[in-house]
Amino acid sequence: MKSRSRWLRDVRNDLGLRLIAATALLLYVIFIVVPVLMSLHSSFTDENPLQSGSNFIGLANYRTMVHDGELHATVLYTLALALAVTVVANVVGIAFAVLLNRSKLSYRVLRTVAFLPQVVSGVIVGFVWKTILTEDGLLNNALTRLHLVKEPVDWLGTPHMAQLSVGIVVAWVLSGFTTVVYLAALQNIPPELYDASSIDGATSRQQFRMITLRLVAPATTISVTISLITVLKLYDVITVLTSGGPANATESTAQYIVKLAFTSDRFGYASAVAMGLLLLSAVIALSVTSFLRRREIDL
Amino acid sequence: MFRRCLTAAAAVSLLLLAACSSSPSSSGADGKVTLTYLTFNTPSLTPTFWKNSIAAAQKSVPGVTIKQVVAPNTDRDSYAKQLKASGQFPDLLQSITPSQYTSANLLQPYDQSWIDANFLLPQGNAIKGKVYIPPTNSQIIPLVFYNKQLFARAGVQPPKTWADFLAVCAKLKSAGVTPIELGGNDPFAAAVPLTGAISADVLGKDPKWLQERYAGTVKFADANVVAAATKMRTLVSDGYFEKGALNVSYADSITQFNDGKAAMYPMGSWYLGSVPKDAWDNIGVFPWPTDDGSVVVPFAVGGSMAISTHAPDIKAATAFAESWSLSPDNLKALIEGDGAFPMLKGKTLADYKVNVSPVFTDSYGYVTQTNNKVSSIGWATNDDAMPGSLNNDFYAAAQALFNTADVAGQMKKLDSAWNTASK
């Protein structure tokens with residue numbers, strides 16, 4: 001009798017878990033799979049957000065992408081930004097994680113502070129940094145008052161400086177995320193390994209290279225992949241910070257897609273570009289993940 | 001466990017159902033109707049202004065309830081298109097660019113006899129002869145505002161010709177005064193001098209230039225347009241804009257000009273709403289200077305709201321829109337706060353009981369005087385509106401002129417963008 005009631009309870013619990021999984025799957029299908037399929041369909045049409053109908057135009061949108069200079073510029077910029085930001089955010093993240101990997105209360109508070117950039121909305125990040133980086137902003141005020149520069153720096157006013165500024169801001173945002181990922185990984189490393197290596201005479205640098213870096217390899221895979229994907233689809237921070245300017249120098253591919261869809265009314269073409277970006281992101285993410293996973297095994 | 005899971009699943013399902021079944025506009029059998037109204041906020045057009053103006057217009061249209069939809073920024077056209085794409089196109093749309101919607105038959109034209117009876121320029125913002133937004137007010141884009149004290153300090157007078165203007169800039173610079181304020185971090189603001197140069201020099205001589213561009217008989221790469229755009233490049237290369245102009249936001253540019261940090265400020269006439277009271281006697285105005293000193297006024301007739309052809313009750317929507325458009329209180333707020341020039345027939349400024357600065361009165365003079373009014377390139381909302389995303393390309397070209405001397409190359413890019421946008 002007891003075993004029958006346990007069996008019934010197990011079935012009910014199992015059913016409950018299946019229900020949760022089914023709900024998650026339903027949400028995934030509704031909010032991810034269906035929109036992607038709709039976008040794929042749209043990419044083969046001349047759909048316009050203001051017109052009710054659309055015509056099937058085959059691969060014409062994809063052919064247009066080959067000769068679209070503005071698209072090429074945004075893709076190159078987005079890729080460069082993704083690469084630079086991923087490297088910086090991960091280096092900063094692991095450095096912060098090593099520094100904050102202590103159990104004292106003050107370090108626990110600092111960990112929360114380190115994660116803040118990731119918690120704040122991209123729009124707010126954009127507004128705050130815009131206030132900091134403008135001609136009369138906080139940074140220029142501080143630099144001139146400290147006599148570190150004679151004249152305010154044109155942080156957002158020239159193409160190269162604006163690109164650098166966007167990179168710094170996005171790296172700052174992502175550093176919060178990477179710090180937390182690496183901290184979690186560091187806390188799983190048994191302290192005995194460091195103790196044993198100390199007895200064997202290993203220096204701190206050797207411990208970092210031979211123990212820390214190797215054992216956080218799975219975290220590196222997650223952190224690098226998510227950092228790359230986040231930057232490849234970046235929209236909010238750049239829109240508020242530079243509006244893609246000056247002269248489109250900081251226009252990301254995601255911004256270009258939105259501009260095509262809702263300013264140029266080329267919804268079908270925007271869908272094709274979005275499909276291209278999805279494919280590019282998938283290829284990059286898969287390549288990086290498989291490379292880093294192989295590295296995890298090698299280490 | 002099972003019950004908790006079931007409750008969670010049910011809650012999610014309900015949320016999904018609710019998300020899929022929203023219907024903001026409605027028309028009931030009891031004659032009551034709810035209409036959605038797309039508005040946008042600016043420092044002058046505040047949430048309080050919208051709340052009060054909507055409430056006042058609603059009183060004159062019993063049975064109509066207005067549900068306000070606020071655009072996240074001033075680009076209401078892009079937001080309206082996003083709403084259309086998601087099946088939520090508003091019933092009433094404030095100050096949009098009608099030409100972007102008319103080919104899709106999304107806007108309801110107003111009754112021409114009502115327009116003729118109430119407005120000074122009934123065809124001011126007409127598209128192919130039809131009016132989709134009541135032409136309640138107008139703007140000049142740009143005027144050049146100047147600081148009288150700084151001009152006096154440098155011993156200069158408001159210029160009339162382009163040569164005079166350059167001489168004034170040179171004298172101001174040598175007197176240690178920044179000649180021109182520009183909030184170039186905001187792309188539209190960066191393009192204001194380019195709008196002035198091309199409107200005055202190209203459209204001033206050929207008012208049908210934009211129609212000819214649509215017909216393909218003229219181009220941005222033509223010598224006269226390149227020459228006009230080169231004027232903006234000259235202002236950059238001679239160092240007449242404030243340092244780091246592309247790093248200055250539009251909001252900061254207003255503050256800096258009002259604080260006397262630069263002598264001149266080329267801007268749309270909406271700046272008049274931002275002139276501080278204690279500077280009313282210190283700010284003057286002159287039109288964008290031309291080669292021969294003739295007055296050319298880059299003009300745009302704006303207006304209130306467009307009506308969607310899909311509104312649940314077009315008659316009620318029209319009644320609300322007409323009531324809002326003719327409300328003296330709304331016009332008063334727009335005149336004082338947004339520097340709008342009123343275009344209602346049979347009314348003088350005094351009729352609105354407004355308290356405006358002398359520089360507003362001087363600026364309004366360019367509207368009421370007989371002079372060479374041409375479409376302000378990039379700002380006209382009539383047949384001269386530029387296609388699709390060309391305004392963005394125009395802004396980008398203006399920003400690019402801060403970093404390249406290849407003016408012809410930038411104009412060629414605009415031609416290419418125009419050809420794509422007008423396909």
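Each chain gets a letter, A, B and so on, in the order the sequences are listed, and its residues count up from 1.
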Given the rule in the side-chain hydrogen bond (donor to acceptor under 3.5 Å, both in side chains) test, do B:T97 and B:T381 qualify, once you have shown the distances and angles that lead to the verdict? CA-CA 6 Å; B:T97 310; B:T381 55; over 6 Å; no

Side chain from CB out, backbone as N, CA, C, O: work out which of these in [X] comes under 4.5 Å of a heavy atom of chain A, or both, or neither.
X      : answer
B:E242 : neither
B:Y101 : both
B:K413 : neither
B:N105 : neither

Relative to chain B, which segment of [X] carries a heavy atom at a distance below 4.5 Å: side chain, backbone, both, or neither?
X      : result
A:N140 : side chain
A:V123 : neither
A:L260 : neither
A:E151 : side chain
A:P152 : neither

Whether the A:T64 and A:Y269 side chains hold a donor-acceptor pair (N or O, under 3.5 Å, no angle test) is what I'd like checked. no

Answer yes if the side chains of A:T78 and A:S252 hold a donor-acceptor pair under 3.5 Å, and no otherwise.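 The criterion, which ignores hydrogens and geometry beyond distance, is not satisfied for A:S252 and A:T78.
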
Where the side chain of [X] meets the backbone of [Y], is there a donor-acceptor pair that is under 3.5 Å apart?
X      : Y      : result
A:N55  : A:D46  : no
A:R266 : A:N48  : no
B:D415 : B:A221 : yes

So which of A:A24, A:A249, A:S264, A:A247 has the largest heavy-atom pair count under 4.5 angstrom toward chain B?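 That would be A:A247.
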
Salt bridge (charged side-chain N to carboxylate O under 4.0 Å, His left out) for A:K259 and A:E251? Distances and angles first, verdict last. CA-CA 10 Å; A:K259 186 168 95 176; A:E251 188 178 45; 3.1 Å; yes

Under the salt bridge (charged side-chain N to carboxylate O under 4.0 Å, His left out) rule, what do A:R18 and A:D14 come out as? Steps first, then yes or no, please. CA-CA 6 Å; A:R18 280 169 198 268; A:D14 196 37; 3.2 Å; yes

Given B:F40 and B:S95, is the side chain to side chain contact (heavy atoms under 4.5 Å, CB included) satisfied, shown in steps? CA-CA 9 Å; B:F40 57 97; B:S95 303; 3.8 Å; yes

Given side chain to side chain contact (heavy atoms under 4.5 Å, CB included), test B:Q88 with B:T36 step by step and report yes or no. CA-CA 9 Å; B:Q88 303 174 82; B:T36 51; over 6 Å; no

Rounded to the nearest 0.5 Å, what's the gap from CE on A:M161 to OG1 on A:T242? Could you check?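 Here the rounded value is 13.5 Å.
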
side-chain contact (heavy atoms from CB on, under 4.5 Å) with B:L93: of B:I307, B:I133, B:L107, only one passes, and it is B:L107

Who wins among B:A85, B:S249, B:G244 for the most heavy-atom pairs under 4.5 Å with chain A? B:G244

Quick check for you: among B:V248, B:N403, B:D75, B:T420, which has the greatest number of heavy-atom pairs under 4.5 Å with chain A? B:N403

Using only non-hydrogen atoms and a strict under-4.5 angstrom cutoff, which residues of residues 182-194 of chain B touch chain A?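 Within residues 182-194 of chain B, the residues that come under 4.5 Å of chain A (heavy atoms only) are B:N185, B:D186, B:P187.
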
